[in-house]
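Below: one structure, written as structure tokens.
Computed from heavy atoms alone, side chains included, the values below leave out hydrogens, waters and symmetry copies. This chain uses plain numbering: 1 for the first residue, then up along the sequence.
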Amino acid sequence: MTAEAPPASAPAAQRRLLFLDGLRGIALILMVVNHTSRWWLDVKPLGWPRYYLIYGSVILPASIFLFLVGFCLPISYRRSPERDRMTATLLKYGRRGLQVIAAGLLLNLVVFPEEPIWTGGVLQTIGLSIVVLGPLLPLLRSRWGREGLLALAVGLFVAFTLSYQALQQWVVAHPVMGRIWFFDFPPWPWLSAALIGLVLGWRWLDARERGRAAEARYFATAALVGVVCLLFYLAWEWWLPTAPRFGFPRDFLLNRHWTPRGVTTALIAGGLACLLAGTYWLMEVKGWQLRWLVVLGQTALMLYFVHQLIVLTLINQALGLRFNNWPLYIGANLALIVLLVGIGYAWLAIKRAWRAHGLGPASVWRTFGARRGAAVK
């Protein structure tokens with residue numbers, strides 16, 4: 001996998017769409033900033049600016065990652081010759097999702113050894129979303145299937161809202177299950193973001209197949225909806241502010257972890273829609289390469305793991321460093337991003353070498369599948 005792709009005229013099923021990697025790269029940068037703001041800055045000397053930075057940088061990253069899980073699944077499904085075989089679909093997405101869940105458990109073991117290994121996290125939710133959404137892909141072929149999945153996404157979030165008070169008591173009464181299912185970005189209600197992405201990704205591919213003009217209208221509509229959501233959020237913030245005006249009190253806090261509520265969902269929807277349309281316009285229409293951002297997106301899973309080893313395990317815990325000075329903090333973050341880009345390039349080179357020698361996970365899996373098929377015959 002490289003940062004280069006065939007010409008933009010190639011169909012979506014035949015080339016890697018770099019604007020999606022670019023958006024994933026933006027999400028990774030925001031997540032890095034969220035972690036450095038919590039682990040590299042102290043509360044006392046920096047006060048409210050640190051608080052606002054933590055809140056502002058937590059809003060979008062997981063939302064983008066989970067939305068893109070759903071948004072990108074129809075791409076691989078449509079180009080797969082086995083898409084009519086439910087068994088093959090279950091195996092494909094089940095294996096992929098379990099790999100991501102395993103990565104989340106390994107992260108707990110290596111980076112958070114003080115936490116139980118079964119503690120839930122964003123990687124576990126992403127992996128579970130892939131496992132759950134894979135079998136739902138055939139439903140997208142019908143209008144009723146797509147509308148039903150959107151209704152399910154809304155229903156899951158509304159049900160979580162109505163159950164919030166009961167869930168607060170439930171996680172106290174069931175601490176182990178609470179850590180598994182309702183900790184950091186829990187599957188309920190965050191699966192809703194992936195479900196919405198699933199339907200919108202299918203509709204995007206429909207528009208793309210109708211031609212560049214239809215695709216441009218799709219993303220123009222996304223940008224318009226995003227702007228409307230942001231204006232609604234600003235109007236709400238102006239007339240009905242919380243204390244603090246921009247912060248955690250307006251949202252859900254379950255098991256000491258954040259989930260958006262109310263007007264914050266409009267802020268997230270607006271930011272995500274504008275970023276999606278903006279990366280498409282810059283990278284697909286204007287042809288900006290932004291290779292460094294693409295590399296961050298293509299290696300996001302590995303870098304999600306590695307950056308926490310650097311930010312928390314090495315800098316915070318082993319070296320005990322703090323950057324309680326804004327120019328120093330900004331410089332340290334820029335240096336970290338440059339380092340992560342370099343690690344990403346190196347990782348892509350290693351993967352190319354693995355594939356050239358038939359050693360990559362995908363190659364090994366295909367070889368195993370071919371041998372198993374031959375044995376069955």
Side-chain angles (χ1 to χ4, degrees), residues 3 18-43 46 49-69 100 103-104 106-108 110-112 115 121-126 184-185 190 193 248 257-258 260 267-268 271-272 275-276 278-279 290-348:
L18 300 187
F19 80 97
L20 296 175
D21 287 322
L23 181 55
R24 197 175 288 110
I26 292 172
L28 181 71
I29 291 173
L30 290 172
M31 192 159 283
V32 168
V33 171
N34 181 255
H35 290 159
T36 59
S37 62
R38 288 193 284 126
W39 297 331
W40 284 3
L41 300 175
D42 292 324
V43 176
L46 297 176
R50 175 185 180 272
Y51 172 88
Y52 289 128
L53 180 61
I54 291 174
Y55 183 75
S57 59
V58 80
I59 291 174
L60 282 177
S63 304
I64 294 174
F65 281 131
L66 283 157
F67 174 84
L68 286 179
V69 166
V100 179
L106 181 62
L107 181 72
N108 288 343
V110 175
V111 181
F112 305 104
E115 301 280 0
V122 67
L123 290 183
Q124 290 88 322
T125 299
I126 288 174
D184 196 13
F185 303 103
W190 282 95
F248 293 103
H257 283 80
W258 169 87
L267 175 61
I268 291 172
L272 199 160
L275 285 173
L276 178 67
T279 51
L290 300 179
R291 287 175 57 87
W292 65 273
L293 189 61
V294 168
V295 167
L296 289 178
Q298 290 181 351
T299 58
L301 177 58
M302 182 273 296
L303 292 179
Y304 179 80
F305 196 106
V306 169
H307 93 270
Q308 295 191 69
L309 285 171
I310 296 172
V311 174
L312 178 61
T313 307
L314 177 62
I315 302 298
N316 179 291
Q317 295 176 343
L319 300 179
L321 297 179
R322 298 294 185 273
F323 301 93
N324 293 318
N325 173 285
W326 288 114
L328 185 61
Y329 171 76
I330 293 171
N333 275 270
L334 291 175
L336 176 60
I337 296 300
V338 171
L339 175 61
L340 294 178
V341 171
I343 294 173
Y345 271 110
W347 181 246
L348 292 177

Q) Are any of the side-chain heavy atoms of Tyr345 and Thr299 separated by less than 4.5 Å? A) no

Q. Under a 4.5 Å cut-off applied to non-hydrogen side-chain atoms, are Trp190 and Val122 in contact?
A. no

Q.
Within the structure provided, determine whether Asp21 and Arg24 are in side-chain contact (heavy-atom separation under 4.5 Å).
A. yes

Q) Are Trp326 and Leu53 side-chain neighbours, meaning at least one heavy-atom pair lies under 4.5 Å? A) yes

(Q) Would you say that Tyr51 contacts Val43 through its side chain, given a criterion of any heavy-atom pair below 4.5 Å between the two side chains? (A) no

**Q.** side chain to side chain contact (heavy atoms under 4.5 Å, CB included) evaluation trace for Ile29 with Leu293
**A.** CA-CA 9 Å; Ile29 291 173; Leu293 189 61; 4.0 Å; yes

Q. Which pair of non-hydrogen atoms, one from Gly344 and one from Val295, has the smallest distance, and what is that distance?
A. C-CG1, 3.5 Å

Q. CZ/Arg322 to CH2/Trp39 distance, rounded to the nearest 0.5 angstrom?
A. 11.5 Å

Q: Kindly indicate whether the side chain of Phe112, heavy atoms from C-beta on, has any atom under 4.5 Å from the side chain of Leu312.
A: yes

(Q) Once rounded to the nearest 0.5 Å, what's the spacing between atom CD1 of Ile310 and atom CG of Asn316? (A) 13.5 Å

Q: Find the distance between CZ (Arg291) and CG (Leu296) and round it off to the nearest 0.5 Å.
A: 12.5 Å

Q: Apply side chain to side chain contact (heavy atoms under 4.5 Å, CB included) to Leu309 and Phe305, showing your working.
A: CA-CA 7 Å; Leu309 285 171; Phe305 196 106; 3.8 Å; yes

Q: Output yes when a side-chain donor or acceptor of Thr279 lies under 3.5 Å from a complementary backbone atom of Gly22, and no otherwise.
A: no

Q | Rounded distance (nearest 0.5 Å) linking atom CD of Gln308 with atom OG1 of Thr36 | A | 11.5 Å

Q) For Leu301 and Ala103, which heavy atoms make the closest approach, and how far apart are they? A) CD1-CB, 4.5 Å

Q. Stepwise, does the side chain to side chain contact (heavy atoms under 4.5 Å, CB included) test hold for Trp347 with Gln298?
A. CA-CA 10 Å; Trp347 181 246; Gln298 290 181 351; over 6 Å; no

Q: Could you tell me which non-hydrogen atom of Phe65 sits nearest to which non-hydrogen atom of Leu28, and how far apart they are?
A: CZ-N, 3.7 Å

**Q.** Separation between CE of Met31 and CG of Leu303, rounded to the nearest 0.5 Å
**A.** 12.5 Å

Q.
Ignoring hydrogens, what is the shortest heavy-atom contact between Ile268 and Leu60? Give both atom names and the distance.
A. O-CD2, 3.7 Å

Q.
Can you confirm whether Ile54 sits close enough to Phe248 that some side-chain heavy atom of one is under 4.5 Å from a side-chain heavy atom of the other?
A. yes

Q | Closest non-hydrogen atom pair, Ser37 against Ser57 | A | OG-OG, 4.1 Å

(Q) I'd like to know if the side chain of Arg50 and the backbone of Leu41 have a donor-acceptor N/O pair within less than 3.5 Å. (A) yes

Q. When the ring planes of Trp258 and Tyr55 are compared, do they come out parallel, tilted or perpendicular, using 30° and 60° as the limits?
A. perpendicular

Q) When rounded to the nearest 0.5 angstrom, what is the spacing between CD in Glu115 and CG in Leu107? A) 11.0 Å

Q.
Quick one: does any side-chain atom of Asn34 pair with a main-chain N or O of Leu30 as donor and acceptor, under 3.5 Å?
A. no

Q) Please walk me through it: do Trp40 and Leu336 pass side chain to side chain contact (heavy atoms under 4.5 Å, CB included)? A) CA-CA 12 Å; Trp40 284 3; Leu336 176 60; 3.9 Å; yes

